[in-house]
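What follows is a set of notes on a single structure, which appears directly below.
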Amino acid sequence: LDELLRDIRSGIGYDIHPLGKGRKLILGGVEIPHKKGLIGHSDGDVLSHAVMDSLLGAAALGDIGCWFPDNEPAFEGVRSADLLRRVYQILLEKGWRISNIDVTVIAEVPKISPFREKIRTSLGEAVKLPLDRVNIKATTHEKMGSLGRGEGIACVAVSLVFPVS
Ligand SMILES: [Zn+2]
């Protein structure tokens with residue numbers, strides 16, 4: 001156990017996208033009914049982006065920009081949940097396994113809590129984790145600043161990974 005504990009790695013991911021009309025709102029691969037959606041080169045799935053960065057960070061593999069450059073036409077309009085599956089595969093191939101993922105979504109609107117379990121299930125499926133190792137929390141920005149005015153959604157994710165010996 002001591003040997004294993006020595007090589008446990010944590011990683012943090014942070015992302016933010018503006019909300020705009022004429023876009024679907026996708027969080028963790030789940031479509032949330034709302035009058036606006038997240039603007040971005042991909043589907044703007046801020047939650048999947050933060051989780052990917054936390055996983056790549058834990059494994060010291062850079063960030064999503066290194067693996068999926070946003071000036072690459074191949075990633076235009078791509079489903080971020082599919083990119084997350086690829087990040088999971090990359091970690092697997094490098095000999096890493098995921099212990100758990102914890103996520104905080106910061107959104108003034110819409111209310112995320114009714115979709116929490118759906119997002120949790122979707123995220124767990126993408127990275128092959130049981131539900132007791134995936135956690136989704138939602139908070140507001142207490143009406144302060146651009147997030148508080150509902151102009152965008154931010155997300156923070158923390159992951160723990162360990163090597164397979
Ligand atoms: Zn992003």
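For the numbers below, each heavy atom of this structure counts, side chains included, while hydrogens, waters and symmetry mates do not. Numbering of ligands and ligand atoms starts at 1, following listing order.
Side-chain contact between Thr139 and Thr104 is present, with heavy atoms from C-beta onward closer than 4.5 Å. Between Ile16 and Ile106, the closest side-chain pair of non-hydrogen atoms is not below 4.5 Å.
Among the heteroatoms counted here (N, O or S) of His49, ND1 is the one nearest to the Zn ion (ligand 1). Atom OD2 is the N/O/S atom of Asp15 found closest to the Zn ion (ligand 1).
Evaluation of the side-chain contact (heavy atoms from CB on, under 4.5 Å) rule for Gln89 yields Leu92, Glu93 as partners, not counting sequence neighbours.
None of the N, O or S atoms belonging to Asp45 lies under 2.8 Å away from the Zn ion (ligand 1).
Atom CZ of Arg133 is separated from atom CG of Asp102 by 13.5 Å, given to the nearest 0.5 angstrom.
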